[in-house]
Amino acid sequence: MTAESMFDIPTVLTADEILDKAFKKASKVEISGRTRTETVRETNIAKIKSASDVIVSTMGKYVKAFPSIERESLFYYELIDLAVGTDKLKHSLGAMDWCRGNVAKVAKSATRTMASTKLISEIDSARRGAYGRMSSLVKQVSKELDVLSDARNAMRKFPVINPEQPTIVVAGAPNVGKSQLVARISTAKPRVAVYPFTTQEISVGIFEKKYIKYQVIDTPGLLDRELDDRNPIELRAIVALRHLADIILFMFDPTETCGYPMSQQERILETIKREFSPVPVVEIENKADMSKSQSGRVKISAETGAGVQKLVDSLVEKLKDQQPL
Ligand SMILES: Nc1nc2c(ncn2[C@@H]2O[C@H](COP(=O)(O)OP(=O)(O)OP(=O)(O)O)[C@@H](O)[C@H]2O)c(=O)[nH]1
Ligand SMILES: [Mg+2]
C-alpha cells in the first residue's frame with residue numbers, strides 16, 4: 001500500500017460556501033427565448049436547475065466519499081468513533097441525503113410553477129421563493145456539514161495500515177521512550193520530547209528483515225487506570241493494541257525520569273496483559289544508559305541504540321513463530 005492517506009475525502013464546504021457556489025453559478029445562466037416571457041421563464045428554470053444541481057451533487061459527493069462505516073475494519077471504525085462518533089457521522093450523512101432530496105423537490109415544484117404562468121412577476125417570485133427555501137434547507141444542515149468537515153480532517157490523519165504485515169505495537173507509560181525506539185528501528189518519524197503526552201496519534205513505521213516487512217506502531221502513553229477512565233488520546237493506543245498487535249512491546253523506564261514510578265508502570269502492564277490476552281507481551285526496559293536496574297528483563301537504550309538490534313531480531317523470531325505456515 002503506497003497511499004499517503006487511508007481515506008481520500010474531498011474538502012467539505014460550509015453551508016454558506018455551498019450556497020455561494022450554487023447561486024454564483026446560477027447567476028451566470030442566461031437563455032434566450034423567442035419572447036420576453038419565454039426568455040425570463042427559460043432562464044429562471046435553468047437558474048433553479050443549476051443551483052439545485054450544485055447543491056445536490058456537492059452533498060452527493062460527500063455521501064459517496066465517506067466510507068460506509070459498517071464495512072470498515074474495526075480498527076478504523078473505532079478510530080472514527082473516537083474522532084467524531086460513528087452515530088454522529090451516520091446522522092450527518094443521512095442529513096445530506098435529506099437535504100439533497102428536499103432541494104431537488106423545491107426545484108421541481110418551482111419549475112412547475114414557472115412553466116404554468118405567463119406573468120414575469122410570478123416567475124421571478126417563484127425563483128426567489130425557491131432560492132429562499134434552498135438556502136434554508138442547506139442552512140439547516142450546517143452543523144452536519146461541520147461534523148463532516150471535522151471527520152474528514154481527522155480521517156485524513158489516520159495511519160495507513162497494511163493488515164497483511166506482521167505488527168508490533170509499542171506501549172507503555174508516557175515519556176518512557178516509545179517514540180525514540182520506533183524512530184530508531186522503523187521509517188516512522190514520531191516526535192520525541194522530554195515531556196509526557198508528546199505522542200497524541202498512532203503512527204506507523206516499517207522495517208524490513210530478510211525481505212519481509214514489519215509494521216511498528218507508536219502509541220500515546222498510557223496511565224495507570226481502567227479502560228472506562230481513559231481519555232480519547234489513550235484510547236487511540238488501546239484501539240491499536242486491540243486490533244493491530246501481533247506482539248505488544250511493553251516499555252518500562254526503570255529510571256523513572258519519565259515521571260511515573262515503576263509500581264505504576266507495572267500496574268499498566270498488568271492491565272494490558274489482562275485486556276489483550278492472548279496477544280504476547282514482550283517486556284523491555286529502556287534508558288539502560290542511565291539505569292542500574294537488576295531485573296531480568298531485556299534492557300535497551302533507545303537513545304544510544306544499545307541492545308536494540310538484538311531486540312528487533314528476537315521480535316522477528318517471535319513473529320515468525322506466530323505466522324501460519
Ligand atoms: N537517557 C535516555 N533517555 C531516553 C532514552 N529513550 C528516550 N529517552 C528520552 O526520554 C524522553 C521521552 O522520549 P519519547 O520517545 O518522546 O517518549 P514516549 O514514550 O514516546 O513519550 P509519550 O509520547 O509522551 O508517551 C525524551 O527526552 C528522550 O530523549 C534512552 O534510552 N536513554
Ligand atoms: Mg511518544
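In listed order, ligands and their atoms are each counted from 1. Because the structure is a prediction, the values reported are computed rather than measured.
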Inset, instruction - Give the single entry among G259, G177, A302, G172 that approaches atom 14 (P) of ligand 1 most closely by any heavy atom. - result: G177
Inset, instruction - Only heavy atoms count here, so choose which of K287, E285, R184 is nearest to atom 10 (O) of ligand 1. - result: K287
Inset, instruction - Give the numbers and elements of all ligand 1 atoms closer than 4.0 Å to a heavy atom of T198. - result: 22 (P), 23 (O), 24 (O)
Inset, instruction - Please report the C-alpha distance between F250 and F252 in whole Å, then the side-chain angles of each, then the deciding distance to 0.1 Å, and finally whether the ring pair (Phe, Tyr, Trp, His ring centres under 6.0 Å) criterion is met. - result: CA-CA 7 Å; F250 188 89; F252 283 98; 5.0 Å; yes
Inset, instruction - Examine D218 against ligand 1 and note whether any of their N/O atoms are separated by less than 3.5 Å. - result: no
Inset, instruction - Working to the nearest 0.5 Å, report the span between CD1 of I233 and CD1 of I202. - result: 11.5 Å
Legend entry - Side-chain touch L223/Y260, heavy atoms, less than 4.5 angstrom: yes
Legend entry - Salt bridge flag under 4.0 Å for residues K318 and D246: no
Inset, instruction - Would you check if the side chain of S149 reaches a backbone N or O of D146 as a donor-acceptor pair within less than 3.5 Å? - result: no
Inset, instruction - Select one of side chain, backbone, both or neither to describe which atoms of M290 lie under 4.0 Å from any atom of ligand 1, heavy atoms only. - result: side chain
Inset, instruction - Among all protein heavy atoms, pick the one closest to atom 21 (O) of ligand 1 and tell me residue, atom and distance. - result: N175 N, 2.9 Å
Inset, instruction - Report the distance from atom CD of Q294 to atom NZ of K299, rounding to the nearest 0.5 Å. - result: 8.0 Å
Legend entry - Shortest protein heavy-atom distance from atom 6 (N) of ligand 1, along with the residue and atom involved: N286 ND2, 3.1 Å
Inset, instruction - Measure from the Mg ion (ligand 2) to each N, O or S atom of S179 and report whether any distance is below 2.8 Å. - result: yes
Legend entry - Nearest-contact summary for atom 29 (O) of ligand 1 - protein heavy atom, Å: E303 OE1, 3.1 Å
Inset, instruction - Write out the residue and atom name of the closest protein heavy atom to atom 23 (O) of ligand 1, then the distance separating them to 0.1 Å. - result: T199 OG1, 2.8 Å
Legend entry - Numbered atoms and elements of ligand 1 in range of V194, under 4.0 angstrom, heavy atoms: 27 (O)
Inset, instruction - State whether T199 contributes an N/O/S atom found under 2.8 Å from the Mg ion (ligand 2). - result: yes
Inset, instruction - Note the single closest protein heavy atom to atom 15 (O) of ligand 1, along with its residue, its atom name and the distance in Å. - result: Q180 N, 2.8 Å
Inset, instruction - Please write down residue, atom name and distance for the protein heavy atom closest to atom 19 (O) of ligand 1. - result: K178 NZ, 2.8 Å
Inset, instruction - Would you mind running through ligand 1 and noting each atom that sits below 4.0 Å from a heavy atom of Y195? - result: 24 (O)
Inset, instruction - Could you say whether the N/O atoms of P196 and ligand 1 ever approach to under 3.5 Å? - result: no
Inset, instruction - Any atoms of ligand 1 less than 4.0 Å from a non-hydrogen atom of G221? List them with their elements. - result: 25 (O)
Inset, instruction - Report, in ascending order of atom number, the atoms of ligand 1 lying under 4.0 Å from any heavy atom of A193. - result: 11 (C), 12 (C), 13 (O), 16 (O), 26 (C), 27 (O)
Legend entry - Backbone N/O of M251 and side chain of N286: donor-acceptor pair under 3.5 Å: no
Inset, instruction - Just let me know how D289 lines up against ligand 1, side chain, backbone, both or neither, with a heavy-atom cut-off below 4.0 Å. - result: side chain
Legend entry - atom 28 (C) of ligand 1 [closest protein heavy-atom partner, distance rounded to 0.1 Å]: V192 CG1, 3.7 Å
